[in-house]
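These notes are about the structure you will find just below.
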2 protein chains.
Amino acid sequence: MTTRWLSPDEQRAWRAYIAASLLLEDTIDRQLQQEAGMPHLYYSILANLSETPERRLRMTDLAEGLKITRPRLTYAVARLEKDGLVRRESCQWDKRGSVAVLTDEGMAVLERAAPGHVETVRAALIDRLTPEQVRQLEEIFTSVTEGLLGEEGASGEMPWRRRSSPSCS
Amino acid sequence: MTTRWLSPDEQRAWRAYIAASLLLEDTIDRQLQQEAGMPHLYYSILANLSETPERRLRMTDLAEGLKITRPRLTYAVARLEKDGLVRRESCQWDKRGSVAVLTDEGMAVLERAAPGHVETVRAALIDRLTPEQVRQLEEIFTSVTEGLLGEEGASGEMPWRRRSSPSCS
DNA sequence: TAGGTTTGCTTCAAACTTGAACCAAGCCCC
DNA sequence: GGGGCTTGGTTCAAGTTTGAAGCAAACCTA
């Protein structure tokens with residue numbers, strides 16, 4: 001089958017996306033690195049933990065929520081633990097499991113960093129869009145995520161997807 | 001000034017974007033790594049070079065076009081050079097400068113990899129969108145790029161922006 | 001035209017990411 | 001209840017990215 005190349009419109013859209021997403025991630029990483037001493041992903045880990053009732057999450061659930069591989073999470077949590085922002089406990093019900101818990105210090109760091117982060121996200125993205133565009137953004141990328149998570153097993157098993165399991169609180 | 005937190009709509013849009021962009025980059029990196037033995041960025045370097053009349057570009061122009069820092073480009077080109085896909089020449093008019101040139105082998109690798117890459121981009125993104133959404137995507141991210149490149153100097157000088165210079169062909 | 005600044009690019013060490021093992025705990029099932 | 005498979009998580013080596021220096025060529029400007 002002969003390749004369906006991208007049309008000029010599609011090219012432009014794809015390239016605009018690539019360029020902007022690189023710039024955006026760089027901007028956010030830089031801002032958080034400056035103000036909180038950690039890259040975006042690490043901030044997101046703290047943020048995710050802070051949103052659960054007990055401020056704790058199993059490693060696998062965390063990795064799945066963040067859409068990252070498990071080795072990557074292990075490394076990141078190790079660093080956060082070394083900094084005292086997260087603590088690791090082993091899961092009682094499943095002795096293989098381990099649980100990341102947000103410490104008070106981690107919560108404090110998160111709260112200190114949040115305003116600057118939100119401000120950056122607004123300045124770089126959200127405040128540049130109309131409410132209509134915000135809606136479009138959500139729709140487009142929700143559909144992309146569904147597509148990428150849905151097709152698993154078809155070609156190239158993705159390492160993220162995991163069945164859910166008790167939070168082990 | 002009290003922080004303007006993200007509204008629920010904005011939250012959802014932001015998170016949808018973050019999740020999808022991670023999945024998307026992972027998918028594309030994995031596909032290119034498999035079929036071309038290189039990550040997306042390295043493929044983009046080859047692609048950018050292939051689009052110039054002489055298949056050559058100054059390092060700085062390349063970095064600016066790709067929205068990456070120069071050390072990152074230096075490293076990447078070094079690897080591509082080691083693989084014989086790119087050659088480095090020094091610029092005649094400006095002896096500080098150096099120019100990356102796509103070799104025939106590099107061109108061949110690029111052409112071999114392109115169909116699979118386009119197929120992946122379509123499957124993961126483009127073909128999941130309506131033409132209208134493709135247009136929206138372009139508009140949204142073009143505006144983001146303009147915003148991020150425009151504000152330079154305001155806060156935190158970005159290391160990409162460089163005045164243009166002769167291609168040194 | 002000497003001296004200081006800027007520009008183009010590389011180098012370096014430290015941090016991060018990746019994919020492939022690896023290990024131990026649960027599961028299955030005869 | 002002893003193999004064999006799966007699952008949850010870590011470890012390891014190799015590759016990549018980052019930011020801060022470093023270095024030399026070009027560009028002032030007096």
Side-chain angles (χ1 to χ4, degrees), chain A residues 22 25-30 32-34 37-43 45 57-64 66-83 88-100 156-168, chain B residues 22 25-34 37-42 45 57-64 66-83 88-100 156-168:
Chain A
L22 277 170
E25 253 308 276
D26 261 12
T27 301
I28 290 175
D29 270 338
R30 237 180 275 285
L32 280 171
Q33 193 67 53
Q34 290 257 322
M38 67 183 74
H40 188 195
L41 174 65
Y42 293 59
Y43 174 91
I45 291 174
L57 233 27
R58 284 194 58 160
M59 295 295 278
T60 297
D61 295 335
L62 198 42
E64 182 178 357
L66 293 165
K67 267 70 189 169
I68 61 173
T69 58
R70 284 175 304 163
R72 189 175 178 185
L73 180 62
T74 296
Y75 179 89
V77 167
R79 198 262 230 195
L80 291 172
E81 186 169 35
K82 191 154 59 58
D83 295 349
R88 231 128 83 177
E89 294 178 5
S90 64
C91 179
Q92 297 206 294
W93 306 329
D94 182 346
K95 290 202 189 108
R96 294 167 300 180
S98 85
V99 186
E157 179 70 20
M158 300 288 180
W160 307 285
R161 186 61 141 183
R162 290 286 167 249
R163 359 273 149 287
S164 62
S165 42
S167 258
C168 201
Chain B
L22 278 170
E25 254 308 275
D26 261 12
T27 301
I28 289 174
D29 270 338
R30 236 180 278 284
Q31 184 270 327
L32 280 171
Q33 193 68 52
Q34 290 257 321
M38 67 183 75
H40 188 195
L41 174 64
Y42 293 59
I45 292 174
L57 233 26
R58 284 195 57 160
M59 295 294 279
T60 298
D61 296 334
L62 197 43
E64 182 178 357
L66 294 165
K67 266 69 188 171
I68 61 173
T69 58
R70 282 174 305 159
R72 189 176 177 184
L73 181 61
T74 296
Y75 179 88
V77 167
R79 197 262 230 196
L80 291 172
E81 187 169 35
K82 191 154 58 60
D83 294 348
R88 232 127 83 177
E89 293 179 5
S90 64
C91 179
Q92 297 207 294
W93 306 330
D94 183 345
K95 291 202 190 110
R96 296 167 299 180
S98 84
V99 186
E157 178 72 19
M158 301 287 181
W160 308 284
R161 186 61 142 184
R162 291 285 166 249
R163 357 275 148 289
S164 62
S165 43
S167 260
C168 201

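Predicted model only: the values in this text are computed from it and were never measured.
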Using a 4.0 Å heavy-atom cut-off, does A:Ser98 contact any base of the nucleic acid, only the sugar-phosphate backbone, or nothing at all?
sugar-phosphate

Which atom pairs link the protein and nucleotides 1-5 of chain D when you take only N or O atoms and keep those under 3.5 Å?
none

By nearest heavy atom, map B:Ala76 and A:Arg88 onto DNA chain D; which one lands nearer the 5' end?
A:Arg88

Respond yes when some side-chain nitrogen or oxygen of A:Arg30 is under 4.0 Å from OP1 or OP2 of D:dT18, and no when none is.
no

Gap between atom OG1 of A:Thr74 and atom CZ of A:Arg88 - 0.5 Å precision
6.5 Å

Is the closest side-chain heavy-atom distance between B:Arg58 and B:Asp94 below 4.5 Å?
yes

note: A:His40, atom NE2; D:dT18, atom C1'; distance rounded to Å ~ 18 Å

Counting side-chain heavy atoms from C-beta on, which of D:dT17, C:dT17, C:dT10 comes nearest to A:Leu41?
C:dT17

Nearest-angstrom distance from the residue atom NZ of B:Lys67 to C1' of D:dT18:
20 Å

A:Arg72: what forms a side-chain contact (heavy atoms from CB on, under 4.5 Å) with it, not counting sequence neighbours?
A:Leu41, A:Ile68, A:Thr69, B:Leu22

Sub-4.5 Å side-chain heavy-atom contact between B:Glu25 and B:Asp29:
yes

Atom CD of B:Gln34 to atom P of C:dA20: distance rounded to whole Å?
8 Å

Counting side-chain heavy atoms from CB outward, which of D:dT10, C:dT17, D:dT16 is closest to A:Arg70?
D:dT10

Extract from the structure each pairing of a protein N or O with an N or O of nucleotides 21-26 of chain D at less than 3.5 Å, listing the distance.
unit_1	atom_1	unit_2	atom_2	d
D:dA26	OP1	B:Lys95	N	2.9

Sequence neighbours excluded, which residues qualify as side-chain hydrogen bond (donor to acceptor under 3.5 Å, both in side chains) partners of B:Arg79?
B:Asp83

In whole angstroms, how far is the C1' atom of D:dC12 from the OH atom of A:Tyr75?
13 Å

What is the distance, rounded to the nearest whole Å, between atom CG of A:Asp61 and atom P of D:dG8?
9 Å

To the nearest angstrom, how far is A:Leu32 atom CG from C:dC16 atom C1'?
16 Å

From the options D:dT18, D:dT17, C:dT18, select the nucleotide whose nearest atom is closest to the side chain of A:Asp26.
D:dT18

Please name all residues satisfying side-chain contact (heavy atoms from CB on, under 4.5 Å) with A:Ala100, sequence neighbours left out, ordered by chain then number.
A:Leu49, A:Met59, A:Leu62, A:Val86

From the list D:dT16, C:dG8, C:dT10, which nucleotide is the closest neighbour of the side chain of B:Met59?
C:dT10

Could you tell me how far apart B:Leu73 (CG) and C:dT10 (P) are, to the nearest whole angstrom?
8 Å

Closest heavy-atom pair and its distance - A:Leu73, A:Ala63
CD2-N, 3.6 Å

What is the separation between atom CG on B:Asp29 and atom P on D:dA14, rounded to the nearest whole Å?
21 Å

Could you tell me whether the phosphate oxygens of D:dT16, OP1 or OP2, come under 4.0 Å of any side-chain nitrogen or oxygen in B:Arg72?
no

Kindly compute the distance separating CD (A:Gln34) from CG (A:Leu32), expressed to the nearest 0.5 Å.
10.5 Å

For B:Glu89, what residues pass the salt bridge (charged side-chain N to carboxylate O under 4.0 Å, His left out) criterion, not counting sequence neighbours?
B:Arg56, B:Arg87

